[in-house]
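Throughout, residue positions are numbered sequentially from 1 according to the sequence presented. Because the structure is a prediction, the values reported are computed rather than measured.
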Amino acid sequence: MTSPERQPLLHDLSVTLAAPTVVLSRPDGNLDAAAPGGAVQGLFHADVRAVSLLRVTVRPGAGAGDGDGDGDGDGDEGWLPAVAVMTASDGPGRSRFVGLAQALGDAVPDPTVRIDRRRILHPGLLTEQLTVRSTATTPVPLAVRVEIAGDLVPMEHAKAGLTARSPLRPAGELSSGTGGLSWGDGTVAVAVSAPGATPDAEHSTLTWTLTVQPGESADLHLAVEITEPDAVVTAADPRPTWQRPEVGADDRRLPALVAQSLDDLHSLRMATAASPGDTFLAAGIPWFFTLFGRDSLWAARMLLPLGTDLALGTLRTLAAQQGTRTDPATEEEPGKILHEVRRGVFDDGKGLVLPPVYYGTVDATPLWICLLHDAWRWGLPAADIEPLLPALQAALDWIDTAARAGDGFLSYIDHSGTGLANQGWKDSGDAARFADGRLAEAPLALAEVQGYAYEAALAGAALLDAFGLPGGERRRAFAAGLADRFRARFWACDQQGPYPAMALDGSGRPVDSVTSNMGHLLASGILNADEARAVAERLAAPDMSDAYGLRTMSSRSGGYGPLRYHCGTVWPHDTAIAVTGLVRTGHTEAAARLIEGILDAAPAFDYRLPELWGGDARADTPAPVPYPAACRPQAWSAAAAIALMTALTGLEPDVPAGRLHLRPTGPLPVGALTVTGLTVAGGRLDVTIDSGGRVESVTAPAGLAVEESAALRA
């Protein structure tokens with residue numbers, strides 16, 4: 001039984017997703033939140049569990065009429081689930097299940113009756129086709145029963161591992177031969193229809209009786225429709241948000257990873273009810289099934305090679321809720337970009353209480369600026385950028401104000417006492433540790449956030465200059481001063497040499513654990529060549545890189561654990577960010593090592609990369625150890641596949657300057673690589689690179705000068 005101090009486990013659940021709706025079920029397709037270990041099972045719509053019980057069972061030769069389908073009042077006697085033999089994703093929003101009805105059909109060793117279950121999910125609508133197939137030699141009379149109910153609890157109830165509430169009592173209806181049940185709480189309504197079934201509201205069942213002839217099959221249909229008039233988040237525009245590239249590589253794992261990731265990303269698309277035309281990516285399933293500033297920004301940034309529409313939707317959505325006042329309860333400040341949006345107050349029952357719109361993040365604001373700048377470089381039209389310039393100026397002002405308040409650095413502290421103790425991407429309460437394992441005390445200034453702020457200041461200056469606005473020199477001066485302060489105060493040293501500390505604590509001491517945070521600095525530009533080399537050497541060392549990707553913390557540091565959420569696990573987005581920086585600074589061998597780790601991990605997860613996994617060494621385990629409560633799919637994990645593919649090509653466009661630069665990683669860890677159907681400046685980009693890293697062909701939009709160079713070697 002799940003401890004109340006533990007999140008319920010997710011890694012072995014079947015996921016069918018069409019944001020803002022998701023089904024989390026057992027491998028046989030059934031779900032029961034009240035069963036042992038089932039706390040997070042359900043059909044969720046945004047932050048609400050609309051269905052907490054969905055179970056299909058069969059029994060031989062029965063009638064219907066009392067809730068169990070046989071009219072004799074004997075409850076569950078004789079009803080059995082099909083034995084699961086196949087579970088598979090069938091594309092975005094689709095899953096297939098095959099089960100054997102072993103109690104039915106011929107009395108022979110081979111199964112003669114099976115139940116095929118085709119699940120199709122659209123936003124707010126689940127449909128299932130149950131197909132009973134018989135190869136028996138005689139007719140098979142049977143009853144098929146669906147038990148279905150909902151408790152309408154918020155997501156945090158499930159996340160806390162709490163026992164499912166008693167389902168709402170459904171209302172039953174029967175008209176024109178269509179069985180149906182419905183329930184609701186005044187804000188969310190659920191309606192279930194099952195043509196030809198007999199509904200029983202008292203027992204929350206729908207039952208069909210039928211006979212299947214030898215060699216024939218029978219189809220039964222179930223639909224669950226969810227309505228939420230006052231929804232905060234809603235489905236994205238059904239039209240594609242990006243162009244889907246085709247990837248070919250000698251290492252077939254890369255194309256498989258990209259294909260699955262693109263399916264998952266398509267299903268994670270979401271919009272706010274206030275701005276339904278602006279698409280962003282929900283952070284992850286199930287815990288973060290909404291807009292998250294940091295996560296949505298990083299995912300959109302990694303997907304820029306597929307087009308700028310997602311970036312524009314993300315930028316607009318976040319700019320629309322940019323902070324305008326100072327409010328310690330929500331952590332809102334003028335110019336600040338929010339952390340997350342929920343349907344209501346988020347209360348985990350353990351002291352974490354977040355308002356529906358929460359601004360407790362120190363990094364989303366500079367990342368918003370970086371995304372705007374990068375989208376501009378990938379070809380976002382000036383007409384789309386100009387309306388966002390006031391938000392850009394407000395975000396730059398927030399960075400300036402925050403740095404003055406933080407002794408020259410961007411830092412954070414939970415002002416409310418009920419918010420997030422850590423407000424960078426490693427936001428668990430025990431993420432910030434000294435090398436001896438002691439926890440660091442706030443206010444904390446994270447290393448990577450200073451890198452983001454440096455990059456954002458220069459990016460903002462470039463945009464201000466390009467659009468004829470004042471302030472560029474002031475932003476460049478800020479960046480130079482920040483780099484000097486960072487160089488003077490953040491560097492630590494141990495027996496292996498110098499390295500950037502994870503953070504500065506409340507007294508200004510370097511939090512000297514060796515962590516992946518330093519990997520985010522490489523692409524930001526805040527490090528000089530010697531410093532970048534020192535960071536690359538640290539990331540390439542076995543204590544950081546001999547896992548299935550980059551560890552969040554060195555295996556030599558105090559507090560390390562291979563399954564500690566932020567202190568030893570591997571996060572694919574974190575690895576991809578480091579790889580991007582390693583390639584950009586010319587440390588391609590270290591990048592290749594990390595890419596190989598992710599590719600080694602991917603098949604173990606059927607190429608659907610989870611939020612994170614264990615940091616065990618590859619030599620110690622034949623496959624990555626799942627982190628059992630990890631979200632899967634997760635937006636920035638799926639987007640990491642695109643970031644790794646892009647890093648292999650060394651693509652760096654500058655559309656405003658009319659240039660497209662390619663610098664592959666040298667000998668590619670995936671062998672020869674061809675990517676067709678990328679998007680830059682609104683046009684098509686195709687690239688072919690041989691296994692040695694030589695660009696064989698490039699087809700780019702007219703007006704872009706293609707510049708090729710060999711990989712740097714450091």
Side-chain angles (χ1 to χ4, degrees), residues 293-294 328 331 333 335-337 339 359-370 395-416 419-435 438-458 475 477-493 498-527 531 535 538 552-553 557 559 566-567 574 577:
R294 174 194 310 120
E331 300 282 1
E333 295 169 356
K336 194 175 186 182
I337 298 298
H339 176 56
Y359 289 80
T361 173
V362 71
D363 51 11
T365 308
L367 289 172
W368 187 95
I369 298 170
C370 292
L396 287 166
D397 289 345
W398 179 85
I399 290 175
D400 200 33
T401 301
R404 286 199 301 270
D407 193 25
F409 298 110
L410 271 64
S411 62
Y412 62 83
I413 189 170
D414 172 28
H415 294 99
S416 68
L420 291 169
N422 283 315
Q423 296 181 4
W425 84 261
K426 294 181 179 178
D427 58 2
S428 56
D430 64 350
R433 295 174 177 270
F434 289 91
R438 290 178 296 119
L439 294 180
E441 295 184 2
L444 291 175
L446 295 169
E448 76 274 17
V449 174
Q450 315 318 311
Y452 303 158
Y454 174 89
E455 185 179 4
L458 294 182
R475 307 304 178 184
F478 170 87
L482 179 58
D484 289 342
R485 292 190 295 275
F486 185 90
R487 190 162 290 117
R489 296 185 56 186
F490 263 83
W491 283 80
C493 193
Y499 61 96
M502 176 186 185
L504 301 181
D505 74 355
S507 64
R509 292 175 300 177
V511 181
D512 59 350
S513 54
V514 175
T515 66
S516 64
N517 300 56
M518 69 179 78
H520 293 226
L521 299 170
L522 289 166
S524 72
I526 198 171
L527 304 177
E531 292 164 343
V535 168
R538 284 295 177 135
T552 44
M553 175 180 281
S557 288
H566 288 123
C567 298
D574 186 36
I577 292 169

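Remark: the backbone N or O of A435 is paired with a side-chain donor or acceptor of D512 at under 3.5 angstrom. Judged purely by atom type and a 3.5 angstrom limit, D414 uses its side chain to pair as donor or acceptor with the backbone of S416. A donor-acceptor pair is defined here as one N or O able to donate and one able to accept, closer than 3.5 Å; no such pair exists between the side chain of S557 and the backbone of S513. Counting only distance, with no hydrogens or angles, the side chain of R294 and the backbone of Q423 share a donor-acceptor pair below 3.5 Å. No donor-acceptor pair closer than 3.5 Å links the side chain of T552 to the backbone N or O of S516. Proximity of a side-chain donor or acceptor of R487 to a complementary backbone N or O of I526 within less than 3.5 Å is detected.
The CG atom of L504 sits 11.0 Å away from atom CZ of R509, with the distance rounded to the nearest 0.5 Å. Within the model, atoms CD1 of I337 and CH2 of W368 stand 6.0 Å from one another, a figure rounded to the nearest 0.5 Å. One distance of note links CG of L521 with CD of E455; it measures 10.5 Å at 0.5 Å rounding. Between the CG atom of N517 and the NE2 atom of H566 there is a distance of 9.5 Å, given to the nearest 0.5 Å. Here the NZ atom belonging to K336 is positioned 5.0 Å from the CD atom belonging to E331, to the nearest 0.5 angstrom. If you take OH on Y412 and OG1 on T361, they are separated by 10.0 Å, rounding to the nearest 0.5 Å.
Here the closest non-hydrogen pair linking L410 and A402 is CG-CB, 4.2 Å. Taking both residues in full, the closest heavy atoms of A432 and L444 are given as CB-CD1, 3.7 Å, listed atom of the first, atom of the second, then distance. Heavy atoms only, all atoms of each residue included: S524 and G451 are closest at CB-O, 3.3 Å. Scanning both residues, A501 and A447, for their nearest heavy atoms gives O-CB, 3.2 Å. Nearest heavy-atom pair across C493 and P498 is SG-N, 3.9 Å. Of all the heavy atoms in R404 and D400, the pair that sits closest is NH1-OD2, 2.8 Å.
Counting only heavy atoms from C-beta outward, the side chains of I399 and P366 approach each other to under 4.5 Å. Two residues are said to be in side-chain contact when any heavy atoms from C-beta on lie closer than 4.5 Å; V511 and R433 fail this criterion. Side chains of L446 and K426 form no contact here, defined as non-hydrogen atoms less than 4.5 Å apart. Within the 4.5 Å cutoff, side-chain heavy atoms of D407 are placed close to those of R489. With a 4.5 Å cut-off on side-chain heavy atoms, E333 and W398 count as touching.
Taking the six-membered ring where tryptophan is involved, the planes of H520 and W425 are essentially parallel, since the angle between them stays under 30° and well short of 60°.
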Run the numbers on Y452 and I369 for side chain to side chain contact (heavy atoms under 4.5 Å, CB included), then give the verdict.
-> CA-CA 9 Å; Y452 303 158; I369 298 170; over 6 Å; no
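Taking the charged nitrogens against the carboxylate oxygens, D505 and R438 have no contact shorter than 4.0 Å, which rules out a salt bridge.
Shown are Y454, Y499, F409; of these, the ring pair (Phe, Tyr, Trp, His ring centres under 6.0 Å) with F490 is made only by F409.
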